[in-house]
Protein chains: 2
Amino acid sequence: MNYSVSEENYIKNIYHLQQQTETVTTNSLANELRTKPASVTDMLKKLQTKNLLEYKRYRGFKLNESGNKIALNIVRRHRLWEFFLVDKLGFEWDKVHEIAEELEHVSSVELIKRLDSFLNFPQTDPHGDPIPDTNGKFAVIKQVSIAEAAAKKTVVVSSVSDQSPGMLEMLNHYHIGIGTSLKINKHFTFDGSVEIKVSQKAACVISEQLAKNIFVHHE
Amino acid sequence: MNYSVSEENYIKNIYHLQQQTETVTTNSLANELRTKPASVTDMLKKLQTKNLLEYKRYRGFKLNESGNKIALNIVRRHRLWEFFLVDKLGFEWDKVHEIAEELEHVSSVELIKRLDSFLNFPQTDPHGDPIPDTNGKFAVIKQVSIAEAAAKKTVVVSSVSDQSPGMLEMLNHYHIGIGTSLKINKHFTFDGSVEIKVSQKAACVISEQLAKNIFVHHE
DNA sequence: AACTTTTTTTAGATTTGCCTAAACCTTAAT
DNA sequence: ATTAAGGTTTAGGCAAATCTAAAAAAAGTT
Ligand SMILES: [Mn+2]
Ligand SMILES: [Mn+2]
Ligand SMILES: [Mn+2]
Ligand SMILES: [Mn+2]
């Protein structure tokens, strides 16, 4: 089976929304895809017909087994291309999403196989998100945001949940990147800000908003 | 201005047909694009409206200045991607056209700029065809097919005009690739076959059909 | 339970790119 | 000058993906 760019974008976005909120609504999907709810309903019917989706009108919907598999394959392609763009072409990670949004739809299986090998089988994309393998499997690392992480511990930055230029600017300012090791000193209850210490540098305090968007894991 | 995949494919194919036969016909374009003449007429009107084409009904058409510029940019993208696929991903050159046919439509300007630099500013694609620069300029090398080339001369293979697996198989059999240096011994008038000598190997005779599809230049 | 609000779906259009079949030009041949 | 043959265009339709506006269902509120 071969799917249109539109179908692929719907499938992938349903998948992503399902990861964060178990109930995906027509409205939220329309919002994510920058389209109108009526268009979403049209596509839901189509995806149901193609047997990628369980859908009962007015009652909600979710990807079935095949839908999920296809979604994971698109995610795989997207993240491999993002890795390529950063690692090989030298893009900053705040610029790659949009381009990968197009590249992910190039359909050759052999292309992705060779790209994966060329990139040396990366496990995560430039934002720290895992790259599913050909079967859709990926390692789930136990991570928490700095806002939730226990104090007095040394942790490693594993991913960022905000991929905007503004976020990148902040991280560069604090000399934080994916893989950076840092110590969490103290959470201030007043405003949720957190004191951290990055490598040999002086300790610094980051805002709650920033802390919530940086994910870390132990060791 | 931003053009759809369909528009880009039409523009590029008009360009290519114009290179080989100065009069492009509705039928030849339809044939090239594997579509129907009526569809071509529809698109011609559209491209005329968008000011990329001079078109008088029943009288023929051709790309104007802007149309040409856009075509050359698509050709640039196509050939850079082909180079990438062969040079970096290790594809054989008979497998890359189809994939580049999709990749060429990814629209980021920065992407192509960085890809070009990553590939070290290649001048020709894996089939020996020149890669236009950002302004659409490229060096035209004076080349002739082996069938037309003068005998008793040592020449260098510059490009192939047939990019099929069968052609690649033949070239591999004779140990010929782009850049291979060979001596043209003799043209047989009976069947147009040509005796050539590739590097230190024994001289061999190739068919007229093959000779016509291998282009060479001097020194 | 009845009303209000929100969410979702349907109905009906629109745009793009394609198609078939019929009509229309152009050119070549009688 | 007709006629025949090709090539090209028009007319009318269809499918995909979108939209707006109206209807229908679900959820929330008194
Ligand atoms: Mn996409
Ligand atoms: Mn990513
Ligand atoms: Mn193409
Ligand atoms: Mn080529």
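These numbers come from the heavy atoms of this one structure, side chains and all, not from hydrogens, waters or symmetry mates. Quantities reported herein were computed from a predicted structural model and do not represent experimental measurements. In the text below, chain A, chain B and the rest are named by the order of the sequence lines, each starting its count at 1.
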Note to self: Tell me which pairs pass side-chain hydrogen bond (donor to acceptor under 3.5 Å, both in side chains) where either residue lies in residues 48-57 of chain B, with sequence neighbours left out.
What the structure shows: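 Qualifying pairs: B/E7-B/K50.
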Filter on salt bridge (Lys or Arg N to Asp or Glu O under 4.0 Å), then keep only pairs touching [range], sequence neighbours left out; what's left?
| range | value |
| --- | --- |
| residues 157-169 of chain A | none |
| residues 28-42 of chain B | none |
| residues 64-84 of chain A | A/E8-A/R77, A/R76-A/D116, A/R79-A/D125 |
| residues 97-106 of chain B | B/K12-B/E101, B/K12-B/E104 |

Return all side-chain donor-acceptor pairs below 3.5 angstrom for residues 209-216 of chain B, not counting sequence neighbours, or 'none' if the list is empty.
| unit_1 | atom_1 | unit_2 | atom_2 | d |
| --- | --- | --- | --- | --- |
| B/N213 | OD1 | B/S161 | OG | 2.8 |
| B/N213 | ND2 | B/Q209 | O | 3.0 |

Is the distance from OP1 or OP2 of [N] to the nearest side-chain N or O of [X] less than 4.0 Å?
| X | N | result |
| --- | --- | --- |
| A/K45 | C/dT9 | no |
| B/S6 | C/dC18 | yes |
| A/R57 | D/dA24 | no |
| A/R59 | D/dA27 | yes |
| A/Y10 | D/dT18 | yes |

May I have the distance from [X] (atom [atom1]) to [N] (atom [atom2]), rounded to whole angstrom?
| X | N | atom1 | atom2 | value |
| --- | --- | --- | --- | --- |
| A/Y58 | C/dT9 | OH | C1' | 4 Å |
| A/K56 | C/dT8 | NZ | C1' | 16 Å |
| B/E7 | C/dC18 | CD | P | 10 Å |

Note to self: My understanding is that only residues two or more places apart in sequence, or in another chain, count here; which of them pass side chain to side chain donor-acceptor pair (under 3.5 Å) with A/S159?
What the structure shows: A/Q143
Check: Does B/D94 have any side chain to side chain donor-acceptor pair (under 3.5 Å) partners at least two apart in sequence or in another chain, and if so, which?
Finding: none
Item checked: Members of residues 12-44 of chain A that approach DNA chain C, where some heavy atom sits under 4.0 Å away -> A/T25, A/T26, A/N27, A/P37, A/A38, A/T41
Checklist line | Pair assignment for DNA chain D - dot-bracket with | for other-strand partners, Watson-Crick or G-U under 3.5 Å | finding: ||||||||||||||||||||||||||||||
Which side-chain N or O atoms in residues 128-142 of chain A pair as donor and acceptor under 3.5 Å with protein atoms at least two apart or in another chain?
| unit_1 | atom_1 | unit_2 | atom_2 | d |
| --- | --- | --- | --- | --- |
| A/D133 | OD1 | A/N135 | N | 2.7 |
| A/D133 | OD1 | A/G136 | N | 3.0 |
| A/D133 | OD1 | A/K137 | N | 2.9 |

Item checked: Ring-face cation contact, A/F83 with A/K88, 6.0 Å cut, 45° max ->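 That pair does not qualify as a cation-pi contact.
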Listed pairs, N/O of protein and of nucleotides 2-4 of chain D, under 3.5 Å:
none

Margin query: Under 4.0 Å, heavy atoms only, any strand: does B/F61 hit a base, just the sugar-phosphate, or nothing?
Written below: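 Answer is nothing: B/F61 stays at 4.0 Å or more from every strand.
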Notebook entry, point to check: Do A/I206 and A/I196 have side chains that get closer than 4.5 Å, going by heavy atoms?
Noted result: yes
